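Only this structure's heavy atoms are used, side chains among them; waters, hydrogens and symmetry mates stay out. Chain A is the first sequence line, chain B the second, and so forth, proteins listed ahead of strands; every chain is numbered from 1. Just so we're clear, the structure is a prediction, and the values are computed from it rather than from any experiment.
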There are 2 protein chains.
Amino acid sequence: MLAGMTAMAPTRTEPDLSFLLDRTSHVLRTRMAAALAEIGLTARMHCVLVHALEEERTQIQLAEIGDMDKTTMVVTVDALEEAGLAERRPSSTDRRARIIAVTEEGARVAARSQQIVDQVHEEALAALPANERAVFLRAMNRLVTGHLAEPVEHAQPVRRARQRGN
Amino acid sequence: MLAGMTAMAPTRTEPDLSFLLDRTSHVLRTRMAAALAEIGLTARMHCVLVHALEEERTQIQLAEIGDMDKTTMVVTVDALEEAGLAERRPSSTDRRARIIAVTEEGARVAARSQQIVDQVHEEALAALPANERAVFLRAMNRLVTGHLAEPVEHAQPVRRARQRGN
DNA sequence: TATTGTTATACTCTATAACTATA
DNA sequence: TATAGTTATAGAGTATAACAATA
């Protein structure tokens with residue numbers, strides 16, 4: 001399941017950054033999914049809900065913010081509509097586009113889901129002494145904006161282009 | 001692609017730990033894959049190679065160390081054998097089990113791949129000032145052994161049990 | 001009966017392709 | 001021509017099931 005790329009803890013003393021990041025992100029993601037599932041949301045639904053609430057946004061705009069494909073956005077919005085948390089409305093300025101409008105119920109759920117997200121994060125960070133915590137978060141932000149800002153161009157793309165003639 | 005669970009950077013000031021961990025682990029994983037691909041290895045192949053070198057280990061033991069399914073281990077070992085980096089040998093004590101023996105070429109490649117892994121980690125950590133670095137790594141270790149040590153039991157399992165009668 | 005390793009396959013996820021309607 | 005959204009589906013990854021050999 002986890003890559004376990006260099007889970008060589010027993011034998012190596014050098015810090016295995018891959019293991020540390022993979023493990024923590026995976027476990028946090030699992031906990032977040034479980035916590036949000038209790039109110040019927042996925043992480044993606046929460047993400048769309050929150051950003052659709054901020055201002056009028058189209059599916060494409062929300063897809064970019066959440067780093068999803070537009071086809072993934074379709075199923076996410078489908079789920080939100082089915083749950084009565086959001087609706088598709090035609091844009092008044094572009095008849096191709098749909099504005100994602102959050103319902104009143106959707107706004108209530110979003111407020112609750114944001115609490116849940118904050119709490120899950122808080123519980124995770126509780127493992128750190130207060131003074132370490134600030135340094136840790138600053139460091140994470142440095143990594144995110146530093147050398148780990150952008151994925152390397154795929155030498156061999158994740159997904160092969162489809163063969164012509166198929 | 002990335003979950004983008006709470007990529008709400010523009011509007012929220014609270015640290016979004018999910019975003020930070022997802023993003024950094026994903027980018028690091030991508031970079032690692034690209035770097036190892038240059039010598040024909042995947043992260044799993046590297047992981048198996050390194051741990052098989054340490055002592056005589058069976059596929060099951062290596063699967064546990066690398067947190068892989070035993071069926072995933074089969075294809076990983078297949079790849080190592082095909083590349084001439086490792087061989088399956090019958091265990092002398094259990095005729096069901098296979099010891100994964102690393103070839104001389106495999107040992108050379110493992111030494112090189114370990115250099116690559118260390119270098120990729122080093123490049124990532126270079127974004128941090130020296131004093132921050134130690135605190136950061138200590139904090140990551142605290143998270144990994146703290147509340148983020150174990151994934152929560154899946155409320156709804158990742159994969160549904162197969163229907164009976166199919 | 002339980003376990004190691006194998007094969008075959010089913011399931012999930014997500015991106016690609018192709019399409020409609022607009023711009 | 002290009003873009004927003006949709007549908008259908010292909011590809012990759014990985015786990016489940018069933019099996020053979022052995023414990």
Side-chain angles (χ1 to χ4, degrees), chain A residues 1-5 22 26 29-30 33 42-45 48 52 56-81 86-100 151 154 156-166, chain B residues 1-5 22 26 29-30 33 37 42-45 48 52 56-64 66-81 86-100 151 154 156-166:
Chain A
M1 169 185 273
L2 265 181
M5 106 122 276
D22 281 355
H26 174 249
R29 187 191 289 250
T30 304
T42 63
R44 289 213 174 95
M45 288 164 78
V48 169
E56 288 215 343
R57 286 187 167 129
T58 66
Q59 289 188 203
I60 286 273
Q61 290 171 329
L62 290 167
E64 266 166 33
I65 292 173
D67 198 13
M68 309 176 211
D69 191 88
K70 62 181 181 173
T71 60
T72 305
M73 180 58 60
V74 169
V75 306
T76 305
V77 174
D78 284 350
L80 288 172
E81 275 201 323
E87 293 168 3
R88 279 177 247 239
R89 292 199 191 142
S91 162
S92 51
T93 60
D94 184 341
R95 282 158 61 196
R96 293 169 305 179
R98 320 287 195 89
I99 300 296
I100 303 307
H154 301 278
Q156 57 254 74
V158 172
R159 169 122 170 244
R160 242 65 62 232
R162 207 172 290 183
Q163 300 299 331
R164 291 216 283 161
N166 281 8
Chain B
M1 171 183 275
L2 264 182
M5 107 123 274
D22 281 354
H26 174 249
R29 188 190 287 251
T30 304
T42 62
R44 289 215 174 93
M45 287 164 79
V48 169
E56 288 215 342
R57 285 185 167 130
T58 66
Q59 290 188 202
I60 286 274
Q61 291 171 329
L62 291 167
E64 266 166 32
D67 199 10
M68 309 176 210
D69 192 86
K70 62 180 180 174
T71 59
T72 306
M73 179 57 61
V74 170
V75 306
T76 305
V77 174
D78 284 350
L80 288 172
E81 275 201 324
E87 293 168 2
R88 280 177 245 240
R89 291 198 191 144
S91 163
S92 52
T93 60
D94 184 340
R95 282 159 61 194
R96 292 170 307 180
R98 320 285 194 93
I99 301 295
I100 302 308
H154 302 278
Q156 57 254 73
V158 172
R159 169 118 172 252
R160 242 66 61 233
R162 207 171 292 182
Q163 300 299 331
R164 289 216 283 160
N166 284 7

S.K.: With sequence neighbours excluded, tell me which residues meet side-chain hydrogen bond (donor to acceptor under 3.5 Å, both in side chains) with A:R98.
M.R.: none

S.K.: Look at the side-chain N and O atoms of A:R44 and state whether any lies under 4.0 Å from the OP1 or OP2 oxygen of C:dT14.
M.R.: yes

S.K.: Report the distance from atom CZ of B:R57 to atom P of C:dT4, rounded to the nearest whole Å.
M.R.: 15 Å

S.K.: Between B:K70 and B:V74, does a side chain to side chain contact (heavy atoms under 4.5 Å, CB included) hold up when you go through it step by step?
M.R.: CA-CA 6 Å; B:K70 62 180 180 174; B:V74 170; 5.9 Å; no

S.K.: For B:E64, check salt bridge (Lys or Arg N to Asp or Glu O under 4.0 Å) against everything at least two apart and list the hits.
M.R.: none

S.K.: Distances under 3.5 Å between protein N/O atoms and the N/O atoms of nucleotides 4-6 of chain D, please, pair by pair.
M.R.:
unit_1 : atom_1 : unit_2 : atom_2 : d
D:dG5  : OP1    : A:Q59  : N      : 3.2
D:dG5  : OP1    : A:R98  : N      : 2.8
D:dG5  : OP1    : A:R98  : O      : 3.1
D:dG5  : OP2    : A:I60  : N      : 2.6
D:dG5  : N7     : A:K70  : NZ     : 3.1
D:dG5  : O6     : A:K70  : NZ     : 3.2
D:dT6  : OP1    : A:R88  : NH1    : 2.8
D:dT6  : OP2    : A:Q59  : OE1    : 3.0
D:dT6  : OP2    : A:Q59  : NE2    : 2.8
D:dT6  : OP2    : A:R88  : NH1    : 2.8

S.K.: Can you tell me the distance, in whole Å, between the CZ atom of B:R89 and the C1' atom of C:dT4?
M.R.: 19 Å

S.K.: Map B:T93 and B:T72 onto DNA chain D by nearest heavy atom, then report which one ends up closer to the 5' terminus.
M.R.: B:T72

S.K.: Taking atom C1' of D:dT16 as reference, at what distance in whole Å does atom CE of B:M68 sit?
M.R.: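 For the pair B:M68 CE and D:dT16 C1', the rounded distance is 19 Å.
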
S.K.: How would you list, by chain and number, every residue that makes a salt bridge (Lys or Arg N to Asp or Glu O under 4.0 Å) with A:E56, sequence neighbours excluded?
M.R.: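 For A:E56, no residue satisfies salt bridge (Lys or Arg N to Asp or Glu O under 4.0 Å) once neighbours in sequence are set aside.
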
S.K.: Rounded to whole angstrom units, what separation is found between the CG atom of B:D69 and the C1' atom of C:dA8?
M.R.: 14 Å

S.K.: Kindly write out the residues that satisfy salt bridge (Lys or Arg N to Asp or Glu O under 4.0 Å) with A:R95, not counting sequence neighbours, or none if the list is empty.
M.R.: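 Counting only residues at least two positions away or on another chain, A:R95 forms no salt bridge (Lys or Arg N to Asp or Glu O under 4.0 Å).
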
S.K.: Restricting to side-chain hydrogen bond (donor to acceptor under 3.5 Å, both in side chains), what partner residues turn up for B:E81, sequence neighbours left out?
M.R.: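 Result, side-chain hydrogen bond (donor to acceptor under 3.5 Å, both in side chains) vs B:E81: B:R88.
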
